[in-house]
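Reading through the structure tokens given below for one structure.
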Amino acid sequence: MAVRVRFAPSPSGDLHVGNARTALFNWLFARKEGGQFILRIEDTDRQRSTPEAIAAILDSLAWLGLDWDEGPGVGGPKGPYQQSLRLDSYRELGDRLLREGNAYWCYSSPEELEEERRQLLESGGRKRPHADRSLTAEQRGAREATGVKPSLRFAVPDLGGDLAFEDLVRGEIRVPMAEIGDFNLIKSDGTPMYNFAAVVDDHGMGITHVLRGEDGISNTPRQLLLYRALGWEPPRFGHMSFILGPDHGKLSKSHGDTSIGDFKARGYLPEALVNYLVLLGLGGHGEGSEVLDRERMKGMFSVEAMVKNPAIFDYGKLQFLNAHYLREMPPARLLETARPFLRAAGVEAEEGWLGRALDLAKGQAVLLADLPRELDFFFREPEPAAGEAAAVLAGEAGRKALAGLVKTLASSPFPRDADEAKAFFKRAQAEAQVKGKDFFMPVRLALTGREHGPELVRLLPLMKPEDCARRARKHLEA
RNA sequence: GUCCCCAUCGUCCAGAGGCCCAGGACACGGCCCUUUCAAGGCUGAAACACGGGUUCGAAUCCCGUUGGGGACGCCA
């Protein structure tokens with residue numbers, strides 16, 4: 001049977017890295033097995049779901065390069081792929097459960113439920129069927145007459161013993177039946193609860209494997225009970241652990257960026273993020289480099305390789321990967337990718353030149369957002385040198401080097417490429433009677449105002465001759 | 001409180017009883033390369049949470065302790 005997996009986010013905000021990894025693993029699984037990857041929006045909570053969040057999630061998924069075979073925007077035979085549009089099926093199945101004695105109306109108010117919960121926690125006791133389960137027709141009528149809208153509650157069968165299932169990543173998991181209390185299926189406003197909607201939709205959409213976060217573990221027994229009551233074959237379940245912050249707590253804003261939109265805005269590359277996320281929860285990447293392309297990821301993905309221990313998010317490693325992919329990026333693509341960041345920083349220049357300049361700057365950058373800063377000295381006069389830099393410029397070798405540069409600038413054609421620049425610097429060094437580091441450092445300092453940067457032979461051809469002359473002379477006259 | 005899950009270098013991952021005085025990647029230190037910084041190459045330091053078993057032999061299996069995470073919603 002073909003693998004059908006799904007990613008089912010609830011649109012209450014942008015896509016979190018943890019969820020992005022869940023989506024990625026499902027996508028990888030489907031692609032590896034030649035199955036389908038389905039996207040379903042779980043927007044039954046009207047309070048929290050927003051159209052903006054749906055758009056943001058779709059956007060983030062697309063940015064990561066995770067395309068879905070069925071779902072919003074692309075449709076499919078099992079749609080609609082948005083729970084708020086499938087209310088009829090939940091109602092219908094709810095009726096069936098009610099008819100067959102597997103569900104009942106619950107009239108407790110939120111306050112009453114709160115109190116029941118409090119008592120349960122306090123007593124540390126086992127879950128018991130909710131009182132309303134044994135309401136007589138008369139009592140129900142009386143409650144009905146007061147006008148309260150009931151919710152539909154599942155009557156957990158008294159199976160005794162443990163409920164066990166084989167988790168794809170953790171092996172057998174068993175929980176005492178006594179731990180499972182009657183849970184709500186449909187709210188009094190007619191919208192379904194998560195466990196119910198997920199089961200109805202997973203079955204309705206022919207899902208074969210459910211790969212989700214570890215918070216799904218405790219929901220699985222309840223869902224299994226629903227499959228049983230409905231007479232359906234359940235999918236296979238696999239639960240991956242969470243991604244935690246450096247303090248072993250929940251990964252939050254205080255640790256750094258957490259949503260895909262954040263990473264994008266900060267100047268991370270999708271290939272770096274995807275590569276990193278794969279490293280975070282998958283074992284089996286052999287020895288040597290951990291830089292992986294999509295094909296390599298697809299090839300190495302397997303449910304068996306999914307790791308069950310929680311992982312701590314390491315921004316440092318992500319940055320290493322990002323810097324790597326940035327360096328590898330071909331000039332034309334880099335220009336396109338960097339454009340929004342350049343625009344935001346007010347950098348404007350001729351395309352051909354900009355492409356070459358970025359190709360140099362990328363070697364010094366970690367994030368796309370670092371790029372404008374690396375281009376800075378092309379457009380702005382360097383700050384006056386201070387400290388050690390000033391000493392280098394004012395020293396004997398420094399003055400000689402700059403004098404040689406000025407002379408050569410006046411006597412030779414300005415270099416247009418690295419080869420010409422090499423020859424140009426050779427002449428300047430001969431002129432100055434200074435070479436090597438003693439020559440290049442003052443030149444770099446005078447021209448760019450920085451001690452570090454790309455090779456000068458590649459840099460010089462991108463500069464304006466008049467800027468070079470002026471900046472060099474300024475230090476000679478000082 | 002009850003239940004569930006997890007436990008190898010600072011971090012991510014190898015390790016499915018002898019191949020391990022534990023291997024790779026990031027970060028960190030050193031050296032090389034080099035006009036600088038990076039990149040690259042070589043190299044160093046760095047871990048089997050603890051306690052009991054099982055076994056000729058345990059990072060690997062079992063039990064317990066400790067620590068971390070999760071669930072117990074008319075949230076998903």
Side-chain angles (χ1 to χ4, degrees), chain A residues 8-12 42-45 47-49 83 106 108-110 113-114 117 120-127 149-153 167 169-170 173-176 178-181 183-195 197-198 212-222 239 241-242 244 246-250 276 279-291 304-305 307-321 323-324 327 362-366 425 429 435-445 448 450-457:
Chain A
S10 70
S12 53
E42 307 217 324
D43 60 345
T44 53
D45 188 337
Q47 307 295 318
R48 302 192 217 185
S49 301
Q83 291 186 328
C106 173
S108 293
S109 68
L113 289 171
E114 179 61 37
R117 205 158 32 239
L120 182 77
L121 243 45
E122 204 168 70
S123 64
R126 296 284 155 117
K127 315 283 191 292
K149 284 249 181 288
S151 64
L152 189 67
R153 202 169 273 277
D167 189 282
V169 349
R170 290 157 205 268
I173 292 178
R174 50 174 59 240
V175 359
E179 284 297 320
I180 309 170
F183 55 93
N184 223 176
L185 261 19
I186 297 181
K187 304 175 214 173
S188 54
D189 68 2
T191 56
M193 290 288 288
Y194 164 74
N195 280 124
R212 65 194 353 175
E214 91 180 302
D215 47 344
I217 294 179
S218 53
N219 287 315
T220 307
R222 280 187 271 273
H239 296 93
S241 293
F242 288 125
L244 306 177
D247 56 1
H248 292 252
K250 222 170 112 190
Y276 180 62
L279 255 23
L280 214 43
L282 264 198
H285 33 90
E287 316 243 302
S289 173
E290 290 186 331
V291 175
E304 294 72 39
V307 157
K308 54 188 172 182
N309 21 336
I312 287 161
F313 198 88
D314 181 0
Y315 289 91
K317 189 152 181 175
L318 207 213
Q319 284 172 1
F320 159 78
L321 255 6
H324 171 84
R327 282 194 305 271
K362 71 183 186 184
Q364 316 294 124
V366 171
F425 279 133
Q429 285 181 322
K435 52 183 185 172
K437 189 188 289 191
D438 291 338
F439 172 81
F440 284 105
M441 189 45 85
V443 169
R444 175 183 300 282
L445 249 16
T448 71
R450 305 178 177 202
E451 334 180 21
H452 310 304
E455 279 180 290
L456 284 170
V457 291

With a 4.0 Å cutoff (strictly under), does any side-chain N or O of Thr44(A) reach OP1 or OP2 of rC75(B)? no
Less than 4.0 angstrom between a side-chain N/O of Lys187(A) and OP1 or OP2 of rC75(B), yes or no? yes
rG17(B) - base-pair partner by Watson-Crick or wobble geometry, distances under 3.5 Å: none
Give one of base, sugar-phosphate or nothing for Phe439(A), where a contact means two heavy atoms less than 4.0 Å apart. nothing
Side chain Ser188(A) and base rC74(B) donor-acceptor under 3.5 Å: yes
Remember a base hit wins even if backbone is also touched, and classify Ser109(A) as base, sugar-phosphate or nothing at under 4.0 Å, heavy atoms. nothing
Between P of rA7(B) and CG of Leu244(A), the distance in whole Å: 13 Å
Using purine N1 to pyrimidine N3 plus N6-O4 or O6-N4 for Watson-Crick, or N1-O2 and O6-N3 for G-U wobble, each under 3.5 Å, what pairs with rC33(B)? none
Distance, C1' atom - from rC19(B) to rG23(B), rounded to whole angstrom: 12 Å
5′-ward residue of the pair Asp215(A)/Ser289(A) relative to RNA chain B: Ser289(A)
In terms of side-chain heavy atoms of Ala311(A), which of rG69(B), rC13(B), rC72(B) is nearest? rC13(B)
When only distance counts, do a donor and an acceptor, one from the side chain of Glu290(A) and one from the base of rG24(B), lie under 3.5 Å apart? yes
Expressed in whole Å, how much space separates the C1' atoms belonging to rC21(B) and rA47(B)? 13 Å
Measure distances between side-chain N and O atoms of Asn219(A) and base N and O atoms of rA76(B), and say whether any donor-acceptor pair falls under 3.5 Å. yes
Between rG17(B) and rG73(B), how far apart are the P atoms? Round to whole Å, please. 42 Å
Look through every strand shown and name the nucleotide pairing with rG1(B) as Watson-Crick or G-U wobble, where both distances are under 3.5 Å. rC72(B)
What is the distance, to the nearest angstrom, from the CD1 atom on Ile217(A) to the P atom on rG68(B)? 19 Å
Identify whether any heavy atom of Pro192(A) sits under 4.0 Å from a base atom; if not, whether one sits that close to sugar-phosphate; answer base, sugar-phosphate or nothing. sugar-phosphate
Residue whose closest nucleotide on RNA chain B lies nearer the 5' end, Pro150(A) versus Phe320(A): Phe320(A)
Counting Watson-Crick and G-U wobble pairs only, both distances under 3.5 Å, name the nucleotide matched with rG57(B), or none. none
Regarding Leu113(A), tell me which of base, sugar-phosphate or nothing describes its non-hydrogen contacts under 4.0 Å with the strands shown. base
Write out a two-atom table: protein N or O, nucleotide N or O from nucleotides 35-37 of chain B, distance below 3.5 Å.
{"residue": "rU36(B)", "atom": "O2'", "partner": "Glu451(A)", "partner atom": "O", "Å": "3.2"}
{"residue": "rU36(B)", "atom": "O2'", "partner": "His452(A)", "partner atom": "ND1", "Å": "2.6"}
{"residue": "rU36(B)", "atom": "O2", "partner": "Gly453(A)", "partner atom": "N", "Å": "2.8"}
{"residue": "rU36(B)", "atom": "O2", "partner": "Gly453(A)", "partner atom": "O", "Å": "3.1"}
{"residue": "rU36(B)", "atom": "N3", "partner": "Arg444(A)", "partner atom": "NH2", "Å": "3.1"}
{"residue": "rU36(B)", "atom": "N3", "partner": "Gly453(A)", "partner atom": "O", "Å": "2.6"}
{"residue": "rU36(B)", "atom": "O4", "partner": "Glu455(A)", "partner atom": "N", "Å": "3.4"}
{"residue": "rC37(B)", "atom": "O4'", "partner": "His452(A)", "partner atom": "ND1", "Å": "2.8"}
{"residue": "rC37(B)", "atom": "O2", "partner": "Gln364(A)", "partner atom": "OE1", "Å": "3.1"}
{"residue": "rC37(B)", "atom": "O2", "partner": "Gln364(A)", "partner atom": "NE2", "Å": "2.9"}

Minimum-distance nucleotide to Val307(A) side chain [options: rA14(B), rG70(B), rC74(B)]: rA14(B)
Picking from rU11(B), rA25(B), rC75(B), the nucleotide nearest the side-chain atoms of Ile312(A) would be rU11(B)
C1' spacing across the pair rC75(B) / rA39(B), given as an integer number of angstrom: 48 Å
Answer with base, sugar-phosphate or nothing: what part of the nucleic acid does Arg212(A) contact at a heavy-atom distance below 4.0 Å? nothing
When rounded to whole Å, the CZ to P distance for the pair Phe313(A) and rA27(B) reads 15 Å
Phosphate OP1/OP2 of rC75(B) contacted by Arg48(A) side-chain N/O (<4.0 Å): no
Please determine, for rA47(B), whether a Watson-Crick or G-U wobble partner exists with both distances under 3.5 Å, and give it or none. none
Can you tell me which nucleotide in rG69(B), rC26(B), rC74(B) comes closest to the side chain of Glu214(A)? rG69(B)
Could you please name the partner base of rU66(B), counting Watson-Crick and G-U wobble pairs only when both distances are under 3.5 Å? rA7(B)
Taking the six-membered ring for Trp, are Phe320(A) and Tyr276(A) ring centroids under 6.0 Å apart? no
Using a cut-off of less than 4.0 Å, is there contact between a side-chain N or O of Arg174(A) and OP1 or OP2 of rC4(B)? no
Is a side-chain donor or acceptor of Asp43(A) paired with a backbone partner of Ser10(A) at a separation under 3.5 angstrom? no
Between P on rG70(B) and NE2 on His248(A), what's the gap in Å once rounded to a whole number? 13 Å
With respect to the side chain of Arg327(A), which nucleotide from rA39(B), rC5(B), rU8(B) is positioned closest? rA39(B)
